[in-house]
Amino acid sequence: MSSTVQHTTGTDETLYRPGRWLALAVLVLAVLLVAVDATVLGLATPFLSEDLQPTGTQLLWIGDVYSFVIAGLLVSMGSLGDRIGRKKLLLSGAVAFGAVSVLNAYATTPETMILARALLGVAGATLMPSTLALIRNIFHDSRERSLAIGIWGATASAGAAVGPVVGGFLLEHFWWGSVFLINLPVMAVLVVVGIKLLPESKNPVTGPWDLISVALSLVGMVAVVYAIKEAASHGPSWEAGAAALLGIAGLYGFVRRQLTLDTPLLDMRLFKHRGFSGAVLADLLTILGLSGLVFFLSQFLQLVQGREPLEAGLAELPAAIGAVATGLVAGKVARRFSVRSVVAGGLAAVGLALAVLTLLGSSTGYPLLGAALLIVGAGAGFSFTVTADVILSSVPKEQAGAASAVSETAYELGAALGIALLGSIVTGVYRDFTAPEGTPAGVALAAHESLGGAVEASTVLPPHQAHALVGAAQEAFVDGLRQAAGAGAVVLLVTGVAAWFLLRGQKLADGVEH
């Protein structure tokens, strides 16, 4: 599939497309768009809670419905891009993403906010597979592609840093909805510049976009994630069981249908490649271990340690710095040593850093937290960059959209499951705290919904009683956070061991594809 070749001038123009690095700059704008949106929501959660007054369950839905929907649609959208053109899908999705961001900004009820986040997931599902698929088709030299993927991943991490910092500035000067409006200028630049610079690419041999497969994928993924979320939050129930059965039936039907179609949405034979399957599994479990913790970290920094939004955003920078630094060199390190050592080592580093966070307390100094976040970012940068490269290198470029969608589905599904499972650990531990004696029943009920709810509810109490209520709520929240960090650490360490075996013998390609 790949080899080192001697080039003529014409071949250079084909393999080393002029303007490819400018095209990459446009693609990473789309990544920036999605990454910023994901992180500013976490920072805005305390303000959103105060204004919209969601219940604890509604707050979790606001946090994870975006991932639910995007996970259900990514494979379908990746396949659609392969058929109609990845550039066309990317630019259309960017316009939709910007428009729906306005709906998010001006949501007035928890229900409206959940709907707006779901619609944003539909738009977001068009962006990420298209960016990775276009990189696969723009960069034919495998070493250049590794660097491009590293830049792609580093930009996602940079977006995770830019989001809290810019969002923190906006939250200190404007209302919480302004954090979504920052998507608009990025979207405008992406569309205007992308029209001129991005080359169109698609699979030359395609069949119809099978709507039955789209429906089966969406129903299966959303129902399974919903079932896990409900079981984790409220224990086993007939509703969770029914949703699980519906989801399993939907996914089983999807797989069976793909095996019978001449041109499936997803070629299931890709999973016969051990490296491909191992990389996908590593992505899913890594994000599962991280996301639930990250979702609640902004609340810890603001509502427990009393940091202002901008300060809380800056406090999360080390994770992004670590991910950017390692993402840019991950491909080179994996070629120097091995794919499995870089991925497994990165996962182990993240797991150990999360284990350190089990020591977290309300008064923990920043050096411990900052060092742990730096290691988390560095380990994730190594792992994600190399697994993305493995996934893209494992398939023909005509199937780049579908393969990219599998990678992104693992990411988004892991995020949804992480928020559902680890977030439910935090929420479950938090709701068990005992309100101080004499707290009015209505105030205690509101305080048990969320930490933001406790802070808001305490304002009607006398100062000494309010301080006692908030203190008890904060201690319970931190206890839940410690337990979630421990669970995440176990997941990451086990995943590191699994990656060591699954990625045995896997190598990144060298030379130029032709």
Q: With a 4.5 Å limit on heavy-atom distance, are the side chains of Leu24 and Val28 in contact?
A: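 Yes, at least one pair of side-chain atoms sits under 4.5 Å.
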Q: Looking only at heavy atoms, what is the nearest atom pair of Val478 and Val304, with distance?
A: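 Heavy atoms only, the tightest pair is CG2-CG1, 3.8 Å.
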Q: Partners of Glu111 by salt bridge (charged side-chain N to carboxylate O under 4.0 Å, His left out), sequence neighbours excluded?
A: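 For Glu111 there are no salt bridge (charged side-chain N to carboxylate O under 4.0 Å, His left out) partners, ignoring immediate neighbours.
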Q: Side chain to side chain contact (heavy atoms under 4.5 Å, CB included) for Leu360 and Phe300? Distances and angles first, verdict last.
A: CA-CA 10 Å; Leu360 205 63; Phe300 169 79; 3.9 Å; yes
Q: Just how far is it from atom CD1 of Ile62 to atom CZ of Arg117, taken to the nearest 0.5 Å?
A: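 So the CD1 of Ile62 and the CZ of Arg117 are separated by 9.0 Å.
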Q: Hey, what do you get for CG (Leu80) to CG (Leu73), rounding to the nearest 0.5 Å?
A: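 Separation between the atoms: 10.5 Å.
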Q: Might you point out which heavy atoms bring Leu347 and Ala499 nearest each other, and give the distance in Å?
A: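 Scanning both residues, the minimum pair turns out to be CD1-CB, 4.0 Å.
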Q: Please enumerate all residues that pass side chain to side chain donor-acceptor pair (under 3.5 Å) together with Thr109, with sequence neighbours excluded.
A: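 Applying side chain to side chain donor-acceptor pair (under 3.5 Å) to Thr109 gives Thr112.
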Q: Leu184: which residues meet the side-chain contact (heavy atoms from CB on, under 4.5 Å) condition with it, sequence neighbours left out?
A: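 Checked Leu184 against side-chain contact (heavy atoms from CB on, under 4.5 Å); matches are Val102, Leu181, Met187.
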Q: For residues 363-386, run the donor-acceptor check on the side chains, cut-off 3.5 Å, and write out each pair with its distance to 0.1 Å, sequence neighbours left out.
A:
{"unit_1": "Thr364", "atom_1": "OG1", "unit_2": "Gly361", "atom_2": "N", "d": "2.6"}
{"unit_1": "Thr364", "atom_1": "OG1", "unit_2": "Gly361", "atom_2": "O", "d": "3.1"}
{"unit_1": "Tyr366", "atom_1": "OH", "unit_2": "Ala315", "atom_2": "O", "d": "2.6"}
{"unit_1": "Thr385", "atom_1": "OG1", "unit_2": "Gly381", "atom_2": "O", "d": "2.8"}

Q: Counting distance only, does the side-chain N/O of Ser217 pair as donor-acceptor with the main-chain N or O of Val214 below 3.5 Å?
A: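 Checked: no pair found.
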Q: What pair of heavy atoms forms the shortest contact from Ala447 to Phe433, and how long is it?
A: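 Closest pair (atom of Ala447, atom of Phe433, distance): O-CE2, 4.0 Å.
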Q: Might you point out which heavy atoms bring Leu27 and Ile135 nearest each other, and give the distance in Å?
A: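 Heavy atoms only, the tightest pair is CD1-CG1, 3.7 Å.
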Q: Report the distance from atom OG of Ser341 to atom CG of Leu503, rounding to the nearest 0.5 Å.
A: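 That separation rounds to 10.0 Å.
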Q: Output a table of donor-acceptor pairs, distance under 3.5 Å, between side-chain atoms of residues 464-475 and any protein atom two or more places apart or on a different chain; print 'none' if there are none.
A:
{"unit_1": "Gln465", "atom_1": "NE2", "unit_2": "Gly438", "atom_2": "O", "d": "2.9"}
{"unit_1": "Gln474", "atom_1": "NE2", "unit_2": "Leu303", "atom_2": "O", "d": "2.6"}

Q: Keeping Ser101 on the side-chain end and Phe97 on the backbone end, is there a donor-acceptor pair under 3.5 Å?
A: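 Side chain of Ser101 to backbone of Phe97, a donor-acceptor pair under 3.5 Å: yes, one is there.
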Q: Kindly write out the residues that satisfy side-chain contact (heavy atoms from CB on, under 4.5 Å) with Val490, not counting sequence neighbours, or none if the list is empty.
A: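 side-chain contact (heavy atoms from CB on, under 4.5 Å) list for Val490, sorted by chain: Val494.
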Q: Going through the distances and angles, do Val497 and Leu493 end up as a side chain to side chain contact (heavy atoms under 4.5 Å, CB included)?
A: CA-CA 7 Å; Val497 174; Leu493 292 172; over 6 Å; no
Q: Can you check whether Val491's main-chain N or O pairs, donor with acceptor, with Thr495's side chain at less than 3.5 Å?
A: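 It does hold such a pair.
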Q: Under the rule for side-chain contact (heavy atoms from CB on, under 4.5 Å), what residues qualify as partners of Leu52, not counting sequence neighbours?
A: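 With sequence neighbours excluded, Leu52 shows a side-chain contact (heavy atoms from CB on, under 4.5 Å) to Leu48, Pro54, Pro110, Met113, Trp176, given in chain and number order.
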Q: Could you measure the distance from the OG1 atom of Thr358 to the CG atom of Leu481? Nearest 0.5 Å is fine.
A: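 It is 10.5 Å, given to the nearest 0.5 Å.
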Q: Run the side chain to side chain donor-acceptor pair (under 3.5 Å) test against Glu311 and tell me which residues pass, sequence neighbours left out.
A: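 For Glu311 the side chain to side chain donor-acceptor pair (under 3.5 Å) partners, ignoring immediate neighbours, are Arg307.
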Q: Please list, chain by chain and in numerical order, all residues satisfying side chain to side chain donor-acceptor pair (under 3.5 Å) with Ser92, sequence neighbours excluded.
A: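 By the side chain to side chain donor-acceptor pair (under 3.5 Å) rule, Ser92 matches no residue at all.
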Q: Suppose the criterion is ring pair (Phe, Tyr, Trp, His ring centres under 6.0 Å): which pairs have a residue in residues 105-135, not counting sequence neighbours?
A: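 As it turns out, the ring pair (Phe, Tyr, Trp, His ring centres under 6.0 Å) pairs with a partner in residues 105-135, which skip direct neighbours, are Tyr106-Trp175.
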Q: Please enumerate all residues that pass ring-ring contact (aromatic ring centres under 6.0 Å, His included) together with Phe477, with sequence neighbours excluded.
A: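 If we apply the ring-ring contact (aromatic ring centres under 6.0 Å, His included) test to Phe477, skipping adjacent residues, the hits are Phe296.
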Q: Do you know the tightest heavy-atom contact between Ala116 and Leu103?
A: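 That would be CB-CG, 3.9 Å.
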Q: Using the rule given for side chain to side chain contact (heavy atoms under 4.5 Å, CB included), can you reason through Leu251 versus Leu216, listing the C-alpha separation, both sets of side-chain angles and the distance that settles it, and then say yes or no?
A: CA-CA 6 Å; Leu251 293 178; Leu216 288 171; over 6 Å; no
Q: Under the side-chain contact (heavy atoms from CB on, under 4.5 Å) rule, collect the residues that match up with Ala223, sequence neighbours excluded.
A: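 Testing Ala223 for side-chain contact (heavy atoms from CB on, under 4.5 Å), a comparison that skips the adjacent residues, returns Leu246.
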Q: Arg482 and Leu357: which non-hydrogen atoms are nearest, and at how many Å?
A: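 Taking Arg482 first and Leu357 second, the nearest heavy atoms are CG-O, 4.1 Å.
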